[in-house]
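For reference, the structure discussed in these notes is given below.
These values consider heavy atoms only, across backbone and side chains, with no hydrogens, waters or symmetry-generated copies. Just so it is clear, the model here is predicted, and its values are computed rather than measured.
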There are 2 protein chains.
Amino acid sequence: MQKSLRSAEHARLIELLVAARQKAGIRQHALAKKLGRPQSFIAKYEGGERRIDIVEFIAIAQALSVDPVKLFREVLSAKARGSAAKQPTR
Amino acid sequence: MQKSLRSAEHARLIELLVAARQKAGIRQHALAKKLGRPQSFIAKYEGGERRIDIVEFIAIAQALSVDPVKLFREVLSAKARGSAAKQPTR
DNA sequence: CCCAAATTATCCAGTTTTGGGATAATCCAA
DNA sequence: TTGGATTATCCCAAAACTGGATAATTTGGG
C-alpha cells in the first residue's frame with residue numbers, strides 16, 4: 001500500500017481545521033462531544049494521523065458553526081496557491 | 001473496530017460522483033488514468049467500498065472538469081434534504 | 001441472436017489505517 | 001510548584017486500502 005496520509009495538501013487542510021476550531025474557541029473535548037466521538041478522534045486528525053472524508057468534514061464544520069462551503073473554499077484556495085491559509089479575497 | 005463505511009450520507013455522495021462522471025461522459029478507466037490510479041480505484045469508491053477524503057474529492061471533481069465547490073454544495077444539499085440529487089434552487 | 005470489445009465489478013492477499021479507552025505529556029493560571 | 005484543563009500517544013484487533021488479475025456485465029455491430 002502506498003501511504004496517502006500526510007501529503008502537503010492534507011497538511012494544509014489540517015491547518016485550516018485547527019484554525020477554525022481555535023477561532024471558534026472550542027476545545028478538542030467539546031468538539032469531540034458534539035461529534036459523538038472521543039477526544040482522541042480530534043487529536044488524531046488534527047495531528048495528521050487520520051484522514052477526513054467529505055461527510056466528516058461537513059460535520060466538523062457544522063460543529064464549529066462554520067459554513068462548510070466557506071471552509072471548503074479555503075481548502076481549495078490553499079491547494080491552488082502554494083500554501084498559506086485564508087487570504088482576504090483580495 | 002466498528003464499521004464506518006457505507007453510511008446513508010456516504011451513499012448520496014457516491015451518487016453525485018457517479019452522476020458527475022456520467023454527465024462528463026468519462027469512463028472509469030479514463031478517470032482513473034487522469035488520477036494516476038487503477039480503474040479498480042474508481043470502481044471501489046463508486047461501489048461504496050472506499051471512502052473519499054477532501055483532497056481526493058477535489059482531485060476527482062477537477063478530473064471531471066466539474067467545479068469542486070459546486071459539487072460540494074450538492075453534497076451539502078443532499079445531506080440537508082432527505083436525499084435526492086441536485087435541485088434547481090427553485 | 002451472437003460475438004467481441006468495452007466497461008465495470010470482484011477477488012485476493014499483503015499492507016496500512018482506524019477506533020477509542022487509557023495514560024502520558026503539556027499547558028497555564030493562581 | 002500544584003493541579004486541573006487540554007492535547008498527544010499507546011495499544012492492537014478490526015476494518016479499510018491497494019492494485020493487478022480476473023470475472024461479470026453492458027454495448028454495439030453484423
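Taking only side-chain atoms of B:M1, from C-beta outward, the nucleotide of D:dA14, C:dT10, D:dT9 with the closest atom is D:dA14. The nucleotide whose nearest atom lies closest to any side-chain atom of B:L5 is, among C:dG20, D:dA16, D:dA8, D:dA16. You'll find that the side chain of A:S40 is closest to D:dT9, out of C:dG19, C:dT10, D:dT9.
Rounded to an integer number of Å, the gap from NZ of B:K44 to P of D:dG19 is 9 Å. Rounded to an integer number of Å, the gap from A:E56 CD to C:dT17 P is 15 Å. The OH-C1' distance, from A:Y45 to C:dG19, rounds to 16 Å in whole Å. In this structure, CD1 of A:I42 is placed 10 Å from P of D:dT7, rounded to the nearest angstrom. Taking atom CG of residue A:D53 and atom P of nucleotide C:dT18, one finds them 10 Å apart after rounding to whole Å. In this structure, CZ of A:F41 is placed 14 Å from P of D:dA8, rounded to the nearest angstrom. Rounding to whole angstrom units, CD of residue A:Q39 and P of D:dA8 are separated by 8 Å. Between the P atom of D:dT7 and the CD atom of A:Q22 lies a distance of 8 Å, rounded to the nearest Å.
Look at A:R21 and you'll find a side-chain N or O under 4.0 angstrom from OP1 or OP2 of D:dT7. The phosphate of D:dG19 (OP1 or OP2) has a side-chain N or O of B:R37 nearer than 4.0 angstrom. Neither OP1 nor OP2 of C:dT18 sits under 4.0 Å from any side-chain N or O of A:R50. Distances shown here put a side-chain N or O of B:R51 below 4.0 Å from the OP1 or OP2 atom of D:dC17. Proximity of B:Q28 to the phosphate of C:dA9: a side-chain N or O atom is located under 4.0 Å from OP1 or OP2.
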>> Could you walk me through whether B:K33 and B:I26 satisfy the side chain to side chain contact (heavy atoms under 4.5 Å, CB included) test, starting with their C-alpha distance in whole Å, then the side-chain angles of each, then the deciding distance to 0.1 Å, before giving a yes or no?
In response: CA-CA 11 Å; B:K33 200 168 186 179; B:I26 298 179; over 6 Å; no

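The minimum heavy-atom distance between A:R21 and A:I42, with the atom names listed, is NE-CG2, 4.5 Å. Considering all non-hydrogen atoms of both residues, B:L64 and B:A20 come closest at CD1-CB, 3.9 Å.
Ring geometry for B:F57 versus B:F72: interplanar angle over 60°, hence perpendicular rather than tilted (30 to 60°).
More than 12 heavy atoms of other residues, nucleotides or ligands shown are found within 6.0 angstrom of NE2 on B:H10.
You won't find any donor-acceptor pair under 3.5 Å spanning the side chain of B:K3 and the base of C:dG19, going by distance alone.
Heavy atoms of A:E46 sit nowhere under 4.0 angstrom from any nucleic acid atom.
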